[in-house]
Amino acid sequence: MKEELLKRAWAVMENAYVPYSNFRVGACVLCKNGQYYCGANIENASYGVTSCAERNALFAAYSAGQRKADIVALAIVSDGERIATPCGACRQVIDELVPADAPIYLSSKTEQIESNIRALLPMSFSQEDLKHV
Ligand code: THU
């Protein structure tokens with residue numbers, strides 16, 4: 001499972017549209033029905049509207065009807081030497097959309113680690129917090 005996810009993440013990374021950073025990221029989500037959803041980072045001249053690879057992959061999964069309970073694992077790869085861990089905004093999105101303990105495989109050209117969103121975003125703000133209002 002891990003190897004297939006990483007393979008697909010590396011493949012979609014080639015489609016990254018990165019004229020500003022030249023930093024390519026690819027992501028792939030595996031769902032319980034065996035479907036994979038991939039995304040690459042897509043930049044914009046208005047830098048702030050750049051869309052990260054992992055968000056694009058997760059939004060593709062949700063757009064296809066997948067939901068939190070359907071998600072098995074996520075892989076995120078980047079072509080630098082160092083592992084690129086998800087940015088803060090992506091951690092918030094992952095927290096909402098991916099199970100707390102689902103494996104998140106992070107890989108650069110030379111390193112690989114496994115984590116999950118519970119570890120990457122402790123004490124997160126979530127739907128639960130809105131129940132108090
Ligand atoms: N980026 C991602 O796509 N995912 C990450 O986890 C970190 C950063 C993208 C955004 C931008 O296109 C480029 O990497 C440099 O920040």
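Computation of the quantities below employed the complete heavy-atom set of this structure, encompassing side-chain atoms and omitting hydrogens, waters and symmetry-equivalent molecules.
Note that CD1 of Ile83 is 10.5 Å distant from CD1 of Ile76, once rounded to the nearest 0.5 Å. Atoms SG and CG, from Cys87 and Asn41 in turn, are 10.5 Å apart once rounded to the nearest 0.5 Å. Atom OG of Ser63 sits about 10.0 Å away from atom OH of Tyr37, to the nearest 0.5 Å. The distance from atom CZ of Arg24 to atom OG of Ser78, rounded to the nearest 0.5 Å, is 12.0 Å. The distance from atom OH of Tyr105 to atom SG of Cys28, rounded to the nearest 0.5 Å, is 12.0 Å.
Side-chain contact between Trp10 and Ser107 is present, with at least one heavy-atom pair separated by less than 4.5 Å. The side-chain heavy atoms of Leu106 and Gln112, taken from C-beta on, include no pair separated by under 4.5 Å. Taking the side chain as every heavy atom from C-beta outward, Val18 and Phe23 never approach each other to under 4.5 Å. The shortest distance between side-chain heavy atoms of Glu43 and Ser21 falls below 4.5 Å. Leu6 is listed as a side-chain neighbour of Val77, based on a closest heavy-atom distance under 4.5 Å.
Under the side chain to side chain donor-acceptor pair (under 3.5 Å) criterion, the residue pairs touching residues 45-61 are Ser51-Asn56, with sequence neighbours excluded.
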Quiz: residues 89-101 side-chain donor-acceptor pairs under 3.5 angstrom, not counting sequence neighbours:
from   : atom 1 : to     : atom 2 : distance (Å)
Arg91  : NE     : Pro86  : O      : 2.7
Arg91  : NH1    : Leu120 : O      : 3.0
Arg91  : NH2    : Thr85  : OG1    : 2.8
Arg91  : NH2    : Pro86  : O      : 3.0
Gln92  : NE2    : Phe125 : O      : 2.9
Asp95  : OD1    : Ser124 : OG     : 3.3
Asp95  : OD2    : Ser124 : OG     : 2.9
Glu96  : OE2    : Gln127 : NE2    : 3.4
Asp101 : OD1    : Arg118 : NE     : 3.0
Asp101 : OD1    : Arg118 : NH2    : 3.3
Asp101 : OD2    : Arg118 : NH2    : 3.0

With a 3.5 Å cut-off and sequence neighbours excluded, list the donor-acceptor pairs that the side chains of residues 29-36 form with protein atoms.
from  : atom 1 : to    : atom 2 : distance (Å)
Lys32 : NZ     : Ala69 : O      : 2.7
Asn33 : OD1    : Gln35 : N      : 3.0

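At a threshold of 4.0 Å, the pair Glu4-Arg8 counts as salt-bridged, since one of the basic side-chain nitrogens sits closer than that to a carboxylate oxygen. Salt-bridge annotation for Glu111 and Arg82: absent, with no side-chain N of the basic residue lying under 4.0 Å from a carboxylate O of the acidic one.
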Kindly indicate, with the supporting measurements, whether the criterion side-chain contact (heavy atoms from CB on, under 4.5 Å) is fulfilled by Val72 and Leu5.
-> CA-CA 11 Å; Val72 176; Leu5 265 170; over 6 Å; no
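Within 6.0 Å of the NZ atom in Lys68, the count of heavy atoms belonging to other residues, nucleotides or ligands exceeds 12.
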